[in-house]
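Predicted, not measured: the structure shown is a model, and the values here were computed from it.
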2 protein chains.
Amino acid sequence: MATSKRQHVLDSAKELFEREGFHATGIERILEHANVAKMTLYNNFGSKDQLIVAVLEQSSRTMIEHLVSIAKQSGSDPYEQILGIFGALGDWYDDPTFCGCIFQAATAEYPDPDCAIAQAAHAHQTNLTLLFRELSAKAELRDPDALARRLALLASGATCLARQTRERSPAEDALRMAEILLERASTPIEHRTL
Amino acid sequence: MATSKRQHVLDSAKELFEREGFHATGIERILEHANVAKMTLYNNFGSKDQLIVAVLEQSSRTMIEHLVSIAKQSGSDPYEQILGIFGALGDWYDDPTFCGCIFQAATAEYPDPDCAIAQAAHAHQTNLTLLFRELSAKAELRDPDALARRLALLASGATCLARQTRERSPAEDALRMAEILLERASTPIEHRTL
DNA sequence: GAGCGAATAGACCGACCGGTCTTATTGTTC
DNA sequence: GAACAATAAGACCGGTCGGTCTATTCGCTC
């Protein structure tokens, strides 16, 4: 039961933070949404900031696992797996409850790069890039480090724009650019005119 | 004098909002930073939210003008002008006072897409894309609409990542991808192998 | 059923929030 | 110098914030 209560708080907090922002979400709103007493929250997490860190850490694990499962569903070829991830971006943006990337939001609301919250968001970005790097290496693509950085840039840019514009076109644009990057990274340089 | 006071408030508010976030910056901190009385702020702007909108509107004008001047400095060829803008991203990220894009931060802190703040941030994104579209059209590049969207995506993604990672590599990655996009958009399709 | 840790409900705290109001002091223009 | 708008300085307001504390109840294990 203890872990279940803790999970309720985490899930409620994540939903409210995503929908309304971190500062704008008061502790009491989380309590009533999770149907939990104040002391339960503070016994489990200690403070609002630590709760935010816990939310980010769990969200990172969940998202990375989700992307890995999408990759697996997209076939055995890591090349196709990368494109599968970018294809899934569109579905994410289409979800009417989509309200952007919680890590981007955390970075925006907590500008001090040394604070635990900003570092948790940074850690997620590192893990995401690492995932792209693994897939790039498996696909035997050229310069997997640079490729992974650029794929991560495309994903971040698309998500950022999708939130601002409420359109799905960023997903398609990012997918198209990812295709171009992968094509170029899998073609011997001497066979490439551009 | 009235406009000068108003400008002091706008400048101070912008700096604090960028450095510490919108919710985290109280009215009184803006007042003491601008050396201005409370009523001066409320007579000029009416409310904190309207002040934020005014800051965003002025920041958008300033940034677009700045990008236009960078483009002009980069030569007369619109192709080079676009690359000039991406080259300038690195300088921005290198600035030790760089703390991300204020419009991305505003979108993150005010998730309701109908509120005036989110709309002001959205308007800036529209204007930025429009600038890329103009330059793309002048350079007689193929499909300037899609190209402009993709260039805007690259710029947003690089800025987002630069803030999270505190590195300048996103600028170089975005510049390289912009080069690739421009090359492809200026090459007849039949002459392109990839 | 006794004992005990976990969870509840909610009063309570000081601090700060955005915003209003009052009073006095400027600086400018006739 | 009179008149007036802009500004200053700061008291003040109700509300909310994150966080603490207490008293009570629940649910599980011997």
Choosing from [options], which nucleotide comes nearest the side chain of [X]?
| X | options | answer |
| --- | --- | --- |
| B:Lys5 | C:dT8, D:dA8, C:dG19 | D:dA8 |
| A:Val36 | D:dT7, D:dG19, C:dT8 | C:dT8 |
| A:Asn44 | C:dA9, C:dA7, C:dT20 | C:dA7 |
| A:Lys38 | D:dA8, D:dT20, C:dG19 | D:dT20 |
| B:Tyr42 | C:dA7, D:dT22, C:dT20 | C:dT20 |

Specify the separation, in whole Å, of atom [atom1] of [X] and atom [atom2] of [N].
| X | N | atom1 | atom2 | result |
| --- | --- | --- | --- | --- |
| A:His8 | C:dT8 | NE2 | P | 10 Å |
| A:Phe45 | D:dT20 | CZ | P | 15 Å |
| B:Glu32 | D:dT7 | CD | P | 19 Å |
| A:Gln50 | D:dG18 | CD | C1' | 13 Å |
| B:Met39 | C:dT22 | CE | P | 10 Å |

Begin with the C-alpha distance, continue with both residues' side-chain angles, and end with the deciding distance and a verdict on side-chain contact (heavy atoms from CB on, under 4.5 Å) for B:Asn44 and B:Val9.
CA-CA 9 Å; B:Asn44 274 285; B:Val9 175; over 6 Å; no
Say whether A:Met39 and A:Leu10 are linked into one hydrophobic cluster, either directly or through other cluster members, by side-chain heavy-atom distances under 4.5 angstrom.
no
Report which part of the nucleic acid B:Asp49 touches: base, sugar-phosphate, or nothing (heavy-atom distance under 4.0 Å, all strands).
nothing
Give the minimum heavy-atom separation between A:Ile180 and B:Arg184, together with the two atoms involved.
CD1-NE, 3.5 Å
Name the residue closer to the 5' end of DNA chain D, choosing between B:Asn43 and A:Ser47 according to the nucleotide with the nearest heavy atom.
B:Asn43
Mind running side-chain contact (heavy atoms from CB on, under 4.5 Å) on B:Leu151 and B:Arg133 for me, showing each step along the way?
CA-CA 9 Å; B:Leu151 291 172; B:Arg133 211 222 99 101; over 6 Å; no
Testing the 3.5 Å rule here: is there a donor-acceptor pair between the side chains of A:His23 and B:Glu109?
no
Under a 3.5 Å cutoff, is there a donor and acceptor pairing between the side chains of A:Asp49 and A:Ser47?
no
Does a side-chain N or O of B:Thr40 approach OP1 or OP2 of D:dA8 to a distance below 4.0 Å, or not?
yes
Working for side chain to side chain donor-acceptor pair (under 3.5 Å), residues A:Glu20 and A:Thr25:
CA-CA 6 Å; A:Glu20 309 184 11; A:Thr25 301; 4.5 Å; no
Distance criterion of 3.5 Å, no angle test: do you see the side chain of B:Lys48 paired donor-to-acceptor with the base of C:dG19?
no
Go through B:Lys38 and B:Glu28 one step at a time and tell me if the side-chain contact (heavy atoms from CB on, under 4.5 Å) criterion holds.
CA-CA 8 Å; B:Lys38 212 168 198 177; B:Glu28 315 238 17; 3.4 Å; yes
Please list each protein N or O that sits under 3.5 Å from an N or O in nucleotides 23-25 of chain D, with the distance.
none

For residues 19-31 of chain A, which residues have at least one heavy atom under 4.0 Å from DNA chain D?
A:Thr25, A:Gly26, A:Ile27
So that I can tick it off, tell me whether A:Arg19 and A:Glu15 are bridged by a salt bridge, with the cut-off set at under 4.0 angstrom between side-chain N and carboxylate O.
yes
